[in-house]
Every structure is written in C-alpha cells, then in structure tokens.
Engineer: 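Okay, handing you the structure first.
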Amino acid sequence: MRTHVVDHPLVAHKLTTLRDERTDSPTFRRLADELVTLLAYEATRDVRVEEVGVRTPVTETVGVRLSHPRPLVVPIIRAGLGMLEGMVRLLPTAEVGFLGMIRDEETLQASTYANRMPDDLSGRQVYVLDPMLATGGTLVAAIRELIRRGADDVTAICLLAAPEGVEVMERELAGTPVTVVTASVDERLNEQGFIVPGLGDAGDRMYGTVA
C-alpha cells in the first residue's frame with residue numbers, strides 16, 4: 001500500500017479552517033469540497049487514459065481522454081457524500097456507486113447497511129471517499145468488497161488519517177493495489193477512536209448531529 005500526503009499551502013490552509021471548532025457546517029462543507037478537489041488532483045495522476053486525435057483551429061494533433069471502463073467513485077455514506085461533488089468536478093464522466101457503512105462505537109468494527117455498486121468491477125479504477133482514516137476498519141472492509149468484485153486499482157481519498165489506521169490498512173491489505181491520498185497523517189487516535197488533533201466527527205461537522 002502507498003500513502004501520499006499532499007504537501008501544499010492551500011491544502012494546509014483549508015485543513016486548518018476545517019479543524020477549527022468554530023467553523024460552521026456550511027463553511028465546513030464548502031471547504032471540504034474545495035479540499036477534496038485538490039486531493040483528487042493528486043489522486044488522479046495515474047488515471048488511465050488513451051490517445052485520441054483532435055483537430056484544433058490550426059491543425060490536427062493527438063491528445064488523451066479517459067479510457068474505458070470509466071473510473072468509479074464510491075463515497076462511503078454519510079460523511080463521504082460531502083466529498084462527492086469535489087471529486088466529480090474533476091472526473092465528471094466517472095460513474096458513482098454508494099456504500100453505506102457504520103462503525104460500532106464500542107467495538108470500533110464496521111458493518112455495511114447499504115450497497116449500490118456494479119457487481120463486476122473488473123479492470124476498473126475505483127476512488128473511495130471517506131473523510132477520516134481512523135481505526136482503518138471501515139476502509140479495509142470497503143476496499144475488500146471492491147476487490148472482491150474485481151477492482152484492480154483502488155485509491156482512498158481521506159481528509160485526515162491516523163498512523164494507527166494507516167498501519168492497519170498496510171497490514172490487512174498487504175499485496176493489494178491500494179493508494180491512500182490524504183491532507184495529513186495526524187498524531188494518534190484517542191481512547192474513543194477519534195483522530196488527534198483531528199477535526200471531530202466529519203459527518204456531524206458537515207450535516208449536524210443526528211440522533
């Protein structure tokens with residue numbers, strides 16, 4: 001597994017505002033959207049393309065376009081939905097699947113409650129959107145499901161990651177074609193499984209607390 005931390009002043013600036021507890025939900029959603037687009041730019045450096053001829057106003061030349069099958073973007077509901085617009089802004093022709101997962105706050109284990117993806121992902125590049133790579137359980141479960149369906153190139157885009165979560169993914173997904181792109185690998189997890197210093201619960205920060 002490869003972990004890529006995007007080192008850019010604009011990324012650091014937006015992440016700092018996201019961390020601030022005074023940032024309200026509308027501002028948080030807007031900044032998360034902008035940050036995802038910056039992360040997506042780095043995450044798609046290896047997106048598959050094919051040559052195509054094009055005629056300019058001056059002459060004919062050769063360029064590239066996204067190859068088929070088209071990439072698949074999979075936000076993990078609910079917090080991952082707040083990252084979707086920023087991702088498809090950069091990949092407007094990508095297809096979108098959905099994966100609903102929830103983490104038990106006592107056991108920290110993830111379980112699936114909703115699944116809307118193609119049965120066959122053979123030859124597909126897949127981009128998974130999940131704001132927080134904390135314990136790693138949710139992303140490991142999601143990526144295993146994608147690989148089981150035939151995906152051969154998976155990139156997880158996360159706003160933040162914890163070193164413990166990165167370690168779990170490296171161990172549990174050893175030998176699989178997985179890349180993690182994030183704005184920061186923070187210090188640690190606390191006893192409740194939250195990233196420190198982190199930014200709190202990304203879903204609650206985006207959409208408010210839902211009982």
Side-chain angles (χ1 to χ4, degrees), residues 1-7 11 15 36 39-48 67 69-77 79-80 83 87 91 94-196 198 202:
M1 192 190 84
R2 184 173 70 93
T3 302
H4 176 47
V5 179
V6 179
D7 181 17
V11 169
L15 179 57
V36 169
L39 297 178
Y41 178 80
E42 293 293 330
T44 54
R45 282 188 178 274
D46 295 324
V47 69
R48 294 169 187 163
S67 60
R70 290 181 291 174
L72 180 71
V73 176
V74 180
I76 296 181
I77 302 171
M83 303 172 68
M87 186 69 191
L91 282 178
E95 294 183 346
V96 178
F98 296 93
L99 192 57
M101 305 195 78
I102 190 167
R103 185 180 74 165
D104 188 300
E105 296 304 328
E106 292 184 3
T107 66
L108 303 183
Q109 297 299 308
S111 58
T112 301
Y113 66 86
N115 191 325
R116 184 70 172 177
M117 294 188 299
D119 292 331
D120 185 6
L121 296 176
S122 300
R124 300 287 290 271
Q125 286 182 293
V126 183
Y127 297 90
V128 183
L129 309 180
D130 193 9
M132 314 297 281
L133 170 50
T135 63
T138 299
L139 269 177
V140 166
I143 291 171
R144 280 179 171 164
E145 176 62 21
L146 295 168
I147 291 173
R148 187 186 70 80
R149 293 175 181 237
D152 64 358
D153 187 332
V154 180
T155 299
I157 301 176
C158 308
L159 303 182
L160 287 180
E164 294 91 337
V166 173
E167 182 180 346
V168 165
M169 288 190 64
E170 288 176 342
R171 181 178 67 248
E172 298 295 326
L173 299 172
T176 59
V178 176
T179 300
V180 173
V181 176
T182 184
S184 174
V185 176
D186 277 9
E187 296 174 10
R188 59 184 174 86
L189 292 178
N190 65 15
E191 294 76 10
Q192 290 75 43
F194 284 94
I195 299 174
V196 178

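Values below: all heavy atoms of this structure, side chains included; hydrogens, waters and symmetry mates excluded. The model shown is predicted, which means the values in this text are computed figures rather than measured ones.
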Engineer: Mind checking whether Met117 and Leu146 have side chains closer than 4.5 Å, heavy atoms only?
Structural biologist: yes

Engineer: Between Leu121 and Arg148, is the side-chain contact (heavy atoms from CB on, under 4.5 Å) condition met? List the steps.
Structural biologist: CA-CA 9 Å; Leu121 296 176; Arg148 187 186 70 80; over 6 Å; no

Engineer: Let me confirm one number: the OG1-CG distance from Thr176 to Asp153, rounded to the nearest 0.5 Å.
Structural biologist: 10.5 Å

Engineer: Determine the minimum heavy-atom distance between Val73 and Ala94, stating which atoms define it.
Structural biologist: CG2-CB, 3.9 Å

Engineer: Decide side-chain contact (heavy atoms from CB on, under 4.5 Å) for Leu139 and Ile76; before the verdict, give the C-alpha distance in whole Å, the side-chain angles of both, and the deciding distance to 0.1 Å.
Structural biologist: CA-CA 9 Å; Leu139 269 177; Ile76 296 181; 4.1 Å; yes

Engineer: Count the heavy atoms of every other residue, nucleotide or ligand shown that sit under 6.0 Å from CZ of Arg116, and state whether that count exceeds 12.
Structural biologist: no

Engineer: To the nearest 0.5 Å, what is the distance between CD1 (Ile157) and CG (Leu133)?
Structural biologist: 13.0 Å

Engineer: Quick one: are Leu189 and Ile195 in side-chain contact, heavy atoms under 4.5 Å?
Structural biologist: yes

Engineer: Does the side chain of Met83 reach to within under 4.5 Å of the side chain of Pro75, using non-hydrogen atoms?
Structural biologist: no

Engineer: Report the C-alpha separation of Arg149 and Arg124 in whole Å, then their side-chain angles, then the decisive distance to 0.1 Å, and conclude whether the side-chain contact (heavy atoms from CB on, under 4.5 Å) test is met.
Structural biologist: CA-CA 10 Å; Arg149 293 175 181 237; Arg124 300 287 290 271; over 6 Å; no

Engineer: Hey, what do you get for CD1 (Ile77) to CG (Leu129), rounding to the nearest 0.5 Å?
Structural biologist: 11.5 Å

Engineer: Considering only heavy atoms from C-beta outward, does the side chain of Thr138 approach that of Asp130 to under 4.5 Å?
Structural biologist: yes

Engineer: Is the shortest side-chain heavy-atom distance between Met1 and Val166 below 4.5 Å?
Structural biologist: yes

Engineer: I need the His4 NE2 to Thr155 OG1 distance, nearest 0.5 Å.
Structural biologist: 11.0 Å

Engineer: Between the side chain of Gln125 and the main-chain N/O of Arg48, is any donor-acceptor distance below 3.5 Å?
Structural biologist: yes

Engineer: Does any non-hydrogen side-chain atom of Ile143 lie less than 4.5 Å from one of Met169?
Structural biologist: yes

Engineer: Can you name the nearest heavy-atom pair linking Ala162 to Ala134, along with the distance?
Structural biologist: CB-O, 3.9 Å

Engineer: Within the 4.5 Å heavy-atom criterion, are Val6 and Tyr41 side-chain neighbours or not?
Structural biologist: no

Engineer: Could you check if a side-chain atom of Leu159 sits within less than 4.5 angstrom of a side-chain atom of Val36, using non-hydrogen atoms only?
Structural biologist: yes

Engineer: CG/Asp186 to CD/Glu164 distance, rounded to the nearest 0.5 angstrom?
Structural biologist: 10.5 Å

Engineer: Restricting to non-hydrogen atoms, name the atom on Ser122 and the atom on Pro69 that form the minimum distance, rounded to 0.1 Å.
Structural biologist: O-CG, 4.3 Å

Engineer: If you compare all heavy atoms of Ala40 against all heavy atoms of Thr44, which two are closest, and at what distance to 0.1 Å?
Structural biologist: O-OG1, 2.8 Å

Engineer: Over all heavy atoms of both residues, which pair between Pro71 and Val47 is shortest? Give the atoms and the distance, please.
Structural biologist: CG-CG2, 4.1 Å

Engineer: Could you tell me which non-hydrogen atom of Leu72 sits nearest to which non-hydrogen atom of Pro118, and how far apart they are?
Structural biologist: CD2-CD, 4.0 Å

